[in-house]
Amino acid sequence: MPDLRKVAKFGGTSMADADAMRRCASIIKADPDKKIIVVSAIAGTTNLLTDMISVSDSGERAEIAGEIRKKHLAILSNLKNPASVEKKILSLLDELDIIALRTQIMTLMLKDEILSFGERLSSIIFTQLLSEESGEDFTWFDARKVIITDNNFGSAEPDVNAISEKATELMEPLIEAGRIVTQGFIGSEKNGATTTLGRGGSDYSAALFAEATDADVLEIWTDVTAIYTTDPRIVPGARPITEISFDEASELSVFGAKVLHPATVVPAIRKNIRVYVGSSIEPDKPGTWIVKESKDKPVIRAISLRKNQTLLTVHSLDMLHRHGYLAKLFQVLSDHKISVDLVTTSEVSVALTLDSDIHASGKQKLNEKILSELREFAEVEIESKLSLIALVGNNLDATAGLSGPVFGALENVNIRMICHGASSHNLCFLVAEDKATDVINVLHDKFIKP
Ligand code: ASP
Ligand code: MG
């Protein structure tokens, strides 16, 4: 059998310290098919960099830069041969200190430049550690040369064709000769400025690398052993899923299972690349395969929860028998880069949900300006502290007698909004945040087969 080509991504917790890095190194050493290794920043670094960006006092910023320095030097001192990368690491850390002290105006471009330090630092240290542990020379590669994006700093859109061209030109010769370590999360726009793909974007980067280099398998090594039927912290009886389809996984990641960045499956679907999710802490425990066609297709495979939902209800009699009303509403939201998740409408009202968790998603939040623009043509109501619960599976739209038992099981719960029918893989609804845990437990017990 010819060699497989695998892209393996290791997240921040897999890079947390020298021991965690060594565990990743032994996973990589054991499998020569892992040709491209994509790493996140060391756990906590991107949060620190985000804090650094958000404070205006240069002294405070320098303090945060100092914390980042400490974290990295601790791992560096654990290397067998720290001298080999010390100069590079120190010069990056010095550069970060200078930015912390001298920056007067924080532009979007500079923010991404600052955020990129996390992955740049971790990948240099990890390349050295991996080479030491495996006895094989791994090549460090600057992801920004290949991950070409637009200039929407903070949440840049990749240019798939440009990425494919660059990967062929710059990565193929290296893969022929050996193995590569590169960074997740970061890219560059056409003038060469550094961009980022949004928080948690390393998974997405790895998928883009897999697509551009025609990989057979994309592996996401994280701190959970698998994708579960629901969050085990909420439902103790939650079980690992052995195999799930791309369609189901994309509903799951969109609807709150925090295991994968929501865009990760998109490149995998385009090129039919099998995705494996496993734990770098317990690599021998079975993980989850995400594939085009799963062998079994249960009606309800998993239940996901997304907290921090805002429900926006827009009401206007102008909507009655008019055209263009929805277009106008969505134009306002789009002008302000508000991303809408769910929509239901009646003759004179539209209800839509927005994710208030901007930290995780990089999206815009509702503000007074947007609301006053909407109020020019409609009455607007906002409810918050809601949770979105999604049942994910197969043929949910065509299974007779499904909604009766589902909502029957929740007869004492006020269901604020239901979306059913848009996708055969998902049925979802909104409930008050303080009811969500009970609701998920009831549904999991009743509908997920042990
Ligand atoms: N380091 C980035 C973050 O924490 C990207 C990633 O880890 O996926 O968001
Ligand atoms: Mg992640």
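We count ligands from 1, going down the list as the structure has it; atoms in each ligand are counted the same way.
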Exercise. Is any side-chain N of the basic residue among E113 and R120 closer than 4.0 Å to the acidic one's carboxylate O?
Worked result: yes
Exercise. For ligand 1, which atoms sit closer than 4.0 Å to a heavy atom of S40?
Worked result: 6 (C), 7 (O), 8 (O)
Problem set entry | Atoms of ligand 1, numbered as shown, that sit under 4.0 Å from any heavy atom of R199 | 3 (C), 4 (O), 9 (O)
Problem set entry | G12 N/O to ligand 1 N/O under 3.5 Å | no
Exercise. Between E119 and ligand 1, which part of the residue brings a heavy atom under 4.0 Å of the ligand: side chain, backbone, both or neither?
Worked result: side chain
Exercise. Taking all non-hydrogen atoms of both residues, which atom of L396 and which atom of H420 are closest, and how far apart?
Worked result: O-NE2, 3.1 Å
Problem set entry | Any G11 heavy atom less than 4.0 Å to ligand 1 | no
For this session: State whether E433 and K385 are salt-bridged, where the test is any N-O pair (Lys NZ or Arg NE/NH1/NH2 against Asp/Glu carboxylate O) under 4.0 Å.
Result: no
For this session: Looking only at distances, please establish whether an N/O atom of ligand 1 is found under 3.5 Å from an N/O atom of K9.
Result: no
Exercise. Is the shortest distance from a Lys or Arg side-chain nitrogen in K6 or D216 to a carboxylate oxygen in the other one below 4.0 Å?
Worked result: no
For this session: Output, in order, the C-alpha distance, side-chain angles, deciding distance and verdict of side chain to side chain contact (heavy atoms under 4.5 Å, CB included) for M417 and F429.
Result: CA-CA 5 Å; M417 176 190 196; F429 51 88; over 6 Å; no
